[in-house]
Amino acid sequence: MPTDTIYKKLILENFKKPRNVGQIPNPDALSKKVNLSCGDRIEVFLKINNGVISDLKYRIDGCAISVASISILSDQIIGKKIEEVLKISKEGVMKNIGLEDGSGREKCSTIGFEALIEALSDYIQDH
Ligand code: FES
C-alpha cells in the first residue's frame with residue numbers, strides 16, 4: 001500500500017474513533033487553543049503525578065487532521081515524563097500523520113500539540 005494511502009487511512013481511523021477524548025475533572029494542567037484561520041478549537045486536560053503524565057484527555061471541534069494528530073499524540077505521551085514530552089518536536093508530531101513543513105496543514109496538525117505544550121509550560125511555572 002502506498003505510504004500516503006496508509007497515512008490517509010490512519011487519519012480517517014483516528015478521526016472516526018479518536019482516542020482519549022473527554023475531560024478530566026480537576027486537571028493538574030489545561031490549555032485551550034483556537035486555530036484563528038478556521039475557528040476550530042481544542043481543550044487539553046492533563047493529570048500529572050511525580051512528573052509523569054498519567055492521563056490526557058481533550059475536547060476538540062476540528063478537522064480530520066487536527067483530531068487524528070491529537071488522538072495519536074495522546075497515546076504517545078500518556079505515561080511519559082514531562083521532560084520526554086518536551087523533547088517532542090512539531091516536525092515529529094507532523095510526521096506522525098505523514099505531513100511535513102510546507103504542506104499547508106501545519107496549524108491543523110499541531111494545534112493539539114501546541115495546547116499540550118502550553119499546558120505543560122504553565123504547569124512547570126506553577127510548580
Ligand atoms: Fe481547522 Fe484544520 S481546518 S484545524
Side-chain angles (χ1 to χ4, degrees):
M1 202 184 289
T3 313
D4 63 333
T5 309
I6 293 170
Y7 281 121
K8 275 183 192 157
K9 206 169 162 241
L10 182 71
I11 290 168
L12 205 61
E13 279 170 5
N14 277 275
F15 180 58
K16 283 185 181 166
K17 280 192 186 172
R19 301 161 74 90
N20 304 305
V21 171
Q23 196 173 347
I24 297 176
N26 304 315
D28 294 309
L30 81 159
S31 175
K32 291 178 191 178
K33 281 270 175 202
V34 177
N35 182 343
L36 292 176
S37 58
C38 63
D40 289 350
R41 58 194 67 234
I42 184 164
E43 205 171 357
V44 171
F45 307 87
L46 298 173
K47 208 71 192 164
I48 299 169
N49 286 311
N50 296 324
V52 173
I53 298 179
S54 55
D55 199 9
L56 179 157
K57 296 266 188 275
Y58 57 91
R59 295 195 302 194
I60 186 165
D61 177 11
C63 64
I65 288 178
S66 62
V67 174
S69 182
I70 187 66
S71 172
I72 293 166
L73 186 63
S74 66
D75 266 351
Q76 284 176 339
I77 71 143
I78 293 172
K80 282 217 163 67
K81 288 182 181 172
I82 292 175
E83 304 92 77
E84 290 177 82
V85 175
L86 292 175
K87 285 181 195 158
I88 296 172
S89 67
K90 190 176 118 181
E91 290 73 21
V93 171
M94 293 177 70
K95 258 192 197 155
N96 280 343
I97 51 173
L99 293 176
E100 289 175 3
D101 249 344
S103 65
R105 303 304 296 269
E106 290 88 349
K107 285 190 176 166
C108 299
S109 54
T110 58
I111 185 172
F113 176 62
E114 284 178 6
L116 165 67
I117 295 301
E118 193 173 274
L120 281 177
S121 302
D122 290 350
Y123 177 83
I124 290 165
Q125 264 182 11
D126 295 345
H127 288 80

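Not measured: the values here are computed from a predicted model. One-based numbering, in listed order, for ligands and for the atoms of each. Residue numbers start at 1 and run along the sequence shown.
- Of all atoms in ligand 1, numbered sequentially from 1 with element shown, those under 4.0 Å from a heavy atom of Asp40 are 1 (Fe), 2 (Fe), 3 (S), 4 (S).
- Using modelled atom types, no side-chain atom of Thr110 and backbone atom of Lys90 make a donor-acceptor pair closer than 3.5 Å.
- Shown here is Glu100, whose CD atom has no more than 12 heavy atoms of other residues, nucleotides or ligands within 6.0 Å.
- Among the atoms of Cys108, no N, O or S atom falls under 2.8 Å of atom 1 (Fe) of ligand 1.
- Near Asn35, the atoms of ligand 1 lying under 4.0 angstrom from a non-hydrogen atom of the residue are 1 (Fe), 4 (S).
- For Asn50, the CG atom counts as loosely surrounded, since its 6.0 Å shell holds 12 or fewer non-hydrogen atoms of other residues, nucleotides or ligands.
- Environment of NZ in Lys8: sparse, with no more than 12 heavy atoms of neighbouring residues, nucleotides or ligands closer than 6.0 Å.
- Remark: ligand 1 atoms within the under-4.0 Å shell around heavy atoms of Cys63 are 2 (Fe), 3 (S), 4 (S).
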